[in-house]
Amino acid sequence: MARSGNLAHALGTLAVCGVLALGFVSPEAAAAAGTVLRARLKSDIASTNPGTRRDENTDAVLLHIVEGLVASREDGSPAPMLASRWTVSPDGRVYTFTLRRDVVFHNGAPLTAADVIWSLQRYLEPQTRWRCLQEFGANGIARVLSITAPDPGTVIITLDRAAPMFLTTLVRADCGGTGILHPDSVDADGNWRTPIGTGPFELGEWRHNQFIELNRFAHYSPLPDARDGNAGGKHALVDHIRFLIIPDSSAARAALIRGSLDILDNLAASELTGIRGRQDLKFQLAPILDCYALLMQTRDPLLSDVRLRKAIALTIDTAGLTKAITWGTGTADNSPIPVASPYHGPVEARLRQPDMAAARRLLSAAGYDGRGIQLITSRHDPQMFDSAVVIQAMAAQAGIHLQIEAVDWPAHLARYTVGNYQLMVQSFSARLDPTLSFGIFIGDKREEPRKVWDTPRSRELLAQTMMSADAATRQPVFDTLTRDFLDEVPAVALFNSSRLAVVRSNVTGYQNWMAAQQRLWGVGLN
C-alpha cells in the first residue's frame, strides 16, 4: 500500500540521510581503503553463526564467508566446493569426500579433515540449534552414524540408510550451506565468537542496524570453473563489500540514484516510477523460487475445522491479489511448488477459484458466528502487509471478520517459530527442491511448532519424496501432496515473486538468479 503522511516522510528522509552518511567515501579515503561495493539489505542480519539464528539476509551475507563440502548450482544440484570429488557406496549409505588441498581458513590455517569433522559434529549437537538438525533426526532423511577421517584429506560420512537428498540438504542456504568453520570460531567453552571460514570474503565490521562490511580474503583459491549458483569459481573483484541496512524501499531507491549505493536487489516494483529508463542504471528481473502464503494455525480451536479454513481460502482471488500486490511482476500459485520449478506441472498449475456462495455455506456448516480472527503480518516486507490487507477485504465479502495485527519483524519471526497466531501472512525464501518447498509446511508440531501441516499422510508422502532423486519417480508424489494441500488447507499458497535488481551502470558481473540470493563474488566496479 502507498505510504503517506509527515511521519513517513520524516522517517524516509532520516533513512536517506543515514545511508548517504554511511555510503559517502572521500577520494582520499577510497584510495586508502580500496574498492568498496555497496549493496542493500532490507534488515539487519540475525547473527554471524551460519544456519542457526538466520533469515534470508543472514544466509546471503554468510555464504560469502563460509563454504561447505558441496554447493548448489544454478539448477539446485550439488557441485564440488571444499570437496574436489566424492563417491557414494553401492548401498547409498557411505559418502567419501576428498578435500581440496589448496584451501586455507581466514586465519591462515589449512583446511583438514579434522576441521570438517569438528564442524559437522558441532552442527549435529542440539545446543548449536542448527536449522537443519531435524533432517538428521528420526523423521529426517537419515541419521549420521559416524564421521571419520582415514587421512587429513579424506572425510567419510556413514548414514543409517540411503538418503538421495543428503547432498541436496547439505547445500541448502537455510542450513548455512553446512559451512565448514575453523574451531577458533568458538571460544574454549564452545560459545560463538566469529565465523572463520574459507570463502572469498571474511567478516570485517558489523555495526548493528547500520552496515555489515566484508573484506576480500587475499589467500582465497577459487575453483577454475565459471560461477554457477553458489558453486564454481568465486572471484573477489573488490576489496570490500558493504551491506547497508536500509529498511525503507524509497530510501534505498534514493540512495541508488544519488550514488551512495551500487546495487539495489529486491526493489519493490512500485518503486520503479521515476527510474525506469535511466541511462545510469541497469535493470534485471528474474522469477524466483520463493513462496508467499497465508498460514493457518490448525491447532487453533476455531481453525481446526477444515470447513472454516476452506471458506477463507474460497474468498481469496489469488490471481487478482497477485496482480495487485506485485504490480504484475509475480505469478499466482496455490501450490507450494514455485512456478519456475521443473516440477510445477498441470496439477500444480491449478488455481483455486473464489466462490463466495460456497464460502458462506461452509461458514454456516462450521457454525462460524462472525467472531474476529487474528491475522498477523509485518511491514518488514510490503508485499506481506499488502497481502494481509487484500485478504482481509476479500474475506469480509463472505462475512469473515479478520483483524490485522502488524508487528515488527523480530516479533513476527518469533511468533512464526512457536506457532503463536491464528492466521499469518508469511514469505519464504527460495527453495531449490520441491521437497524443501513442502518441508516449509509439513512436520511434527511437537518438535517444530512452526509447521502447519501435521498429518501422518503428509509426513509419509514427504518422506517418499526423499527416497529417490529420479524426477519421474518423484513427480507423482508431489502431485498427490499438492492435491492434499489444496483439499486440507493448512495454508493458502498465494504467489511467487520476481526479483527486481537495479545496479549502477559501472557495476560489472552482477547476476540475479532464482534462489533470490545476492552473490557479490565475480562483481566489480569500473
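With sequence neighbours left out, Asp290 forms a salt bridge (charged side-chain N to carboxylate O under 4.0 Å, His left out) with no residue at all. The side-chain contact (heavy atoms from CB on, under 4.5 Å) search around Trp192 returns Thr48, Asn49, Pro50, Arg122, Leu181, Ser185, Val186, Pro195, not counting sequence neighbours. For Gln518, there are no side-chain hydrogen bond (donor to acceptor under 3.5 Å, both in side chains) partners two or more places apart in sequence or in a different chain. Checked against ring-ring contact (aromatic ring centres under 6.0 Å, His included), Tyr510 has no partners two or more places apart in sequence or in another chain. Under the salt bridge (charged side-chain N to carboxylate O under 4.0 Å, His left out) criterion, Arg519 pairs with Glu74, sequence neighbours left out. For Asp59, the salt bridge (charged side-chain N to carboxylate O under 4.0 Å, His left out) criterion is met by Arg54, not counting sequence neighbours. Every residue meeting the side-chain hydrogen bond (donor to acceptor under 3.5 Å, both in side chains) condition with Thr465, not counting sequence neighbours, appears here in chain and number order: Thr435. In this view, Arg450 and Glu448 satisfy the salt bridge (charged side-chain N to carboxylate O under 4.0 Å, His left out) rule, not counting sequence neighbours. For Cys175, the disulfide (SG to SG under 2.5 Å) criterion is met by Cys132, not counting sequence neighbours. Remark: Ile440 pairs with Phe428, Arg431 by the side-chain contact (heavy atoms from CB on, under 4.5 Å) rule, at least two apart or across chains.
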Which pairs of donor and acceptor atoms, one on a side chain in residues 276-283, lie under 3.5 Å apart (sequence neighbours left out)?
{"unit_1": "Arg278", "atom_1": "NE", "unit_2": "Asp280", "atom_2": "OD1", "d": "3.0"}
{"unit_1": "Arg278", "atom_1": "NH2", "unit_2": "Asp280", "atom_2": "OD2", "d": "2.8"}
{"unit_1": "Gln279", "atom_1": "NE2", "unit_2": "Gly277", "atom_2": "O", "d": "3.4"}
{"unit_1": "Lys282", "atom_1": "NZ", "unit_2": "Val507", "atom_2": "O", "d": "2.6"}

Indicate every side-chain donor-acceptor pair of residues 412-422 with a distance under 3.5 Å to a residue at least two apart or in another chain.
{"unit_1": "His412", "atom_1": "NE2", "unit_2": "Gln426", "atom_2": "OE1", "d": "3.2"}
{"unit_1": "Arg415", "atom_1": "NE", "unit_2": "Asn420", "atom_2": "O", "d": "3.0"}
{"unit_1": "Arg415", "atom_1": "NH1", "unit_2": "Glu405", "atom_2": "OE2", "d": "3.4"}
{"unit_1": "Arg415", "atom_1": "NH2", "unit_2": "Gln374", "atom_2": "OE1", "d": "3.4"}
{"unit_1": "Arg415", "atom_1": "NH2", "unit_2": "Asn420", "atom_2": "O", "d": "3.4"}
{"unit_1": "Thr417", "atom_1": "OG1", "unit_2": "Leu413", "atom_2": "O", "d": "2.8"}
{"unit_1": "Gln422", "atom_1": "OE1", "unit_2": "Gln374", "atom_2": "N", "d": "2.9"}
{"unit_1": "Gln422", "atom_1": "NE2", "unit_2": "Asp300", "atom_2": "OD1", "d": "3.4"}
{"unit_1": "Gln422", "atom_1": "NE2", "unit_2": "Asp300", "atom_2": "OD2", "d": "3.3"}

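Remark: Glu56 engages Arg499 in a salt bridge, criterion side-chain N to carboxylate O under 4.0 Å.
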